[in-house]
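Structure first, commentary second.
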Amino acid sequence: MAKIVLQNWQFSQADEENWRQATVPGCVHTDLLAHNLIPDPFYAKNELDVQWVDKKDWEYTATFQLSKQDMEEDVLEIVFEGLDTYADVYINNEKVLTADNMFRRWNLDIQPYVHEGENALLIYFHSPILHDIDKPDQLGYNLPADNDHSEDGGTGEKKLSVFARKAPYHYGWDWGPRFVTSGVWKEVYIEAWSDVKIKDVYIKQNKVAADLAELQAIVEVESQAEKDIDLVVSDQHGFRRVEQFSIAKGIQTLEVPFSIAEPNLWWSNGLGDPYLYQFSIDIAEQDTVLSSKKVKTGLRSIRLVQEDDQYGKSFYFELNGVPVFMKGANHIPNDSFLTRLDKKNYQHEIATAAASNMNMLRVWGGGIYEYDEFYQLCDEHGILVWQDFMFACSMYPGDEPFLHSVRQEAIDNVKRLRNYASIALWCGNNEMDAAWSQYQEEAGWGWKQRYNMTQREEIWQAYDKIFHQILPDVLKEYDPLKDYWPSSPMQALSSDEEQHAGSNTVKKGDIHYWDVWHGQKPLEAYKEHVGRFMSEYGFQSFPEEKTVRTYAEEKDFELESPVMLHHQKNGAGNRLIKTYMDLYYKEPKDFAAFLHLSHILQANAIRMAVEAHRMNMPQCMGTLYWQMNDCWPVASWSSMDYYGRWKAVQYDMKDRFKQTVVIADQGNDQLTLYAVSDQLENQAAELIFQVFDFEGNLLDETRQNVEVQGNSSVVIYQEDVSAIAEGRSDVVLLASLKTGDRVLDRVEHLLVKPKDVELENPRISVEYVEDAIELTCQHFAMNVWLETEEDGYFDQNNFSLLPGQKKRVLFTESVIDNVDFSQIKLPEGLVVKSMYDFV
Ligand code: BMA
């Protein structure tokens with residue numbers, strides 16, 4: 001089989017015929033940028049100046065050479081892994097394909113259109129805006145799409161995102177700009193082959209247990225002739241199974257059941273090795289291999305358990321028979337211009353997740369079905385994936401062509417992704433069930449009230465077809481062993497008022513809890529609303545100063561300057577950060593300090609939520625904060641910014657997501673300590689509970705033996721707040737859990753709000769001891785923050801420091817392949833600050 005490369009890519013605005021060199025995969029915006037034809041779209045308010053790009057049609061051309069030998073092969077197939085979005089493809093001036101769905105893969109035999117020597121390919125991209133602009137009128141109404149920034153795009157009330165099977169966030173979001181891209185966004189190539197080709201392999205894991213994995217290789221084969229073949233399934237350990245088949249001309253599916261005794265199971269991060277098998281599938285005739293395919297996958301059983309229990313109905317994931325508490329975040333695309341991303345971006349994100357002790361990411365439905373690299377890395381690092389289909393915060397049309405396109409898109413992506421061990425769940429959409437709220441008139445986001453009864457019926461019918469019929473049907477056929485959850489959040493698919501989730505539904509299903517932030521409730525509300533599975537909640541911050549400087553100038557350094565507001569897509573977001581900050585923190589001393597204080601505030605908020613969720617296990621069995629990453633430099637809920645820089649909350653998650661943690665929970669008049677452990681076995685430990693004053697004097701100490709229960713949360717200590725240090729509030733509580741000399745965890749707790757702590761210069765000293773940074777101080781230091789000139793990562797940051805206690809901190813330039821900080825070095829230009837320096 002020969003792979004033929006397309007060359008000499010050029011692009012032009014369709015009405016100009018001004019051809020310039022293009023990069024493929026790529027998109028119009030990045031090609032224009034490369035030729036300096038548009039300004040940097042992320043700088044200042046440039047987003048608004050490049051909105052014309054999506055109102056134009058664009059053409060891309062390339063050439064390819066075919067040899068005599070290529071021409072003699074049975075099949076010459078062109079494969080587009082992804083076209084964004086409305087594209088007509090011409091080969092040697094003949095139209096061969098009309099594409100209309102960014103998420104689909106297209107392939108066709110081009111033999112009738114080509115000749116030996118040089119051939120020409122032309123792709124005509126229709127403006128996604130002009131293509132869909134009449135659709136709302138044809139439908140007779142606008143469909144809801146709250147995050148579609150149609151006004152920035154010049155289409156007024158017309159929300160076009162819902163008509164295009166294209167990444168929803170391209171049209172804008174409450175953390176994202178509006179860049180409606182066009183282009184060849186994934187690989188395109190031509191394959192010349194004869195005889196037989198394996199088109200697809202599915203390793204179906206019928207039953208996986210410690211003693212035996214019962215598997216099935218389901219192999220889709222295309223043959224040019226009838227013949228007898230051997231189908232060989234093997235793995236890297238010498239397992240080999242050969243089965244004979246007589247195959248017919250055309251496409252067919254061959255099945256080979258096989259089993260592996262005592263398999264190395266795939267475990268999620270923290271519970272064990274995410275072991276991967278490398279299966280090879282070969283088709284041979286006599287001893288000649290005609291076609292091969294490799295599939296790397298982990299063997300595991302995974303299911304979503306929803307059973308009646310003492311709290312209502314459970315909602316947890318069971319991996320290899322073990323209920324696993326999910327710790328992680330929601331993932332959005334890493335760039336507005338996807339094709340700029342390379343493997344390193346993904347490696348950094350997934351290594352960050354692993355280093356932060358996460359075991360799940362949710363691929364949220366307003367972005368893309370991610371590139372394969374994403375899932376490969378999740379497989380390698382033991383990060384489970386909650387996979388949404390790409391529908392979010394909108395209602396979609398229900399005409400036949402649209403539904404057909406959705407079905408094909410689902411088939412393509414389910415087939416592409418079903419072998420990844422990491423995928424734990426397929427979920428239909430983001431927030432649509434709750435937003436529409438069909439069975440509860442007064443609930444929802446006020447959407448259905450905008451329509452008459454006929455329209456309401458029509459919109460719900462479309463929803464019902466996609467999420468309750470088409471998607472589950474596709475899964476039944478192509479990935480039948482995985483669970484499907486129609487919408488996040490939801491209580492249950494009950495077709496009555498109990499179906500929809502709200503902030504207060506804590507008995508069953510999953511929740512998106514937004515009363516803190518959008519609902520403006522105080523942070524403490526996180527503790528009062530703990531559901532069965534917290535699949536979203538979040539708190540915003542600004543990016544760090546270095547990142548802000550990539551889009552703003554010194555003159556813009558003001559909370560409500562036009563540029564700072566432009567890089568805030570959530571209405572009153574900037575004000576909201578300030579309002580919450582005033583509640584909990586002293587006034588920051590300048591703009592730079594304000595930016596950093598927003599990180600501390602965010603970290604504090606999310607930490608409070610995560611602790612509440614973890615200490616309430618098993619009532620709650622998962623916590624995924626909103627959101628892991630950014631697609632451009634912006635104020636948002638992310639824990640690392642567009643450049644991958646870790647905000648304070650990333651460090652706090654690394655700490656609070658550890659396998660075993662001690663949590664200090666202060667209620668009205670009681671302090672309770674919990675030991676929460678995701679380790680499976682019990683651990684005998686010693687709890688050391690100490691009270692210090694700000695000078696580091698030990699005022700009180702309690703030591704007691706405790707049993708840290710495996711996979712549980714237990715109360716290990718309780719005390720009246722008034723009884724602690726004789727009612728003093730200017731103290732630091734330190735709770736440590738130790739087994740022998742090993743500290744399982746330690747946590748500091750203050751009895752008062754951060755703004756009420758009397759700060760003094762902590763006089764922090766820094767020493768380099770071997771390859772580590774050692775910190776000591778003279779007075780209690782709050783929110784100690786280490787930063788360097790060059791980007792880098794610490795094994796801990798945003799911590800407190802007490803006089804008399806040494807902190808040993810490790811630094812690395814990259815977390816890729818280094819999630820345990822085993823490759824460390826001393827940083828250059830280290831600066832150490834603490835709260836004292838910010839206010
Ligand atoms: C949820 C998400 C996103 C959104 C976030 C913050 O609704 O699903 O749509 O960006 O909250 O508002």
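Below, each value reflects all heavy atoms present in this structure, side chains not excepted, and no hydrogens, waters or symmetry copies. Both ligands and their constituent atoms are indexed starting at 1 by order of listing.
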### Message
Is a donor from one side chain sitting under 3.5 angstrom from an acceptor on the other, for S636 and D630?
### Response
yes

### Query
Y396 and F391: aromatic ring centres closer than 6.0 Å?
yes

## Note on the structure
Exactly one of Q627, Q650, K647 clears side-chain hydrogen bond (donor to acceptor under 3.5 Å, both in side chains) with S638, and that residue is K647

### Query
Starting from atom 4 (C) of ligand 1, which protein heavy atom do you reach first, and at what distance in Å?
D174 OD1, 3.4 Å

### Query
What part of A392, side chain from CB on, backbone N/CA/C/O, both or neither, has a heavy atom under 4.0 Å from ligand 1?
neither

### Between R645 and T547: side-chain donor-acceptor atoms closer than 3.5 Å
yes

### Test applied, ring-ring contact (aromatic ring centres under 6.0 Å, His included); reference residue, W517; option that passes from F539, Y526, W626
F539

### Query
Which atoms of ligand 1 are found less than 4.0 Å from any heavy atom of H518?
6 (C), 12 (O)

### Message
Within the structure, is a non-hydrogen atom of W517 found at a distance of less than 4.0 Å from ligand 1?
### Response
no

#### Entry: Heteroatom proximity flag, W637 to ligand 1, N/O under 3.5 Å
no

### Which segment of H512 sits under 4.0 Å of ligand 1 when only heavy atoms are counted
neither

#### Entry: Sub-3.5 Å N/O-N/O distance, E431 and ligand 1
yes

## Note on the structure
A student checking ligand 1 against E536 at a 4.0 Å heavy-atom cut-off should list atoms 1 (C), 2 (C), 7 (O), 8 (O), 11 (O)

### Message
Just to confirm my output: which protein heavy-atom neighbour is closest to atom 9 (O) of ligand 1, and how far is it?
### Response
W173 NE1, 2.9 Å

### Query
Does a sphere of radius 6.0 Å around CD in E560 hold more than 12 heavy atoms from other residues, nucleotides or ligands, not counting ones at 6.0 Å or beyond?
yes

### Task
For residues W173 and C631, determine if any side-chain heavy atom of one lies less than 4.5 Å from a side-chain heavy atom of the other.
no

### Message
Quick check on the 6.0 Å ring-centre criterion: do Y537 and W637 meet it?
### Response
no

### Message
Heavy atoms only, cut-off 4.0 Å: how does Q627 contact ligand 1, side chain, backbone, both, or neither?
### Response
neither

## Note on the structure
For C393, the atoms of ligand 1 under 4.0 Å from one of its heavy atoms are 9 (O)

### Query
Quick one: which ligand 1 atoms are inside 4.0 Å of a heavy atom on W175?
10 (O)

#### Entry: Distance filter under 4.0 Å to W514 heavy atoms, resulting ligand 1 atoms
1 (C), 5 (C), 6 (C), 11 (O)

### Task
Measure up the H567 and Y551 rings against each other and bin them: parallel (under 30°), tilted (30 to 60°), perpendicular (over 60°).
parallel

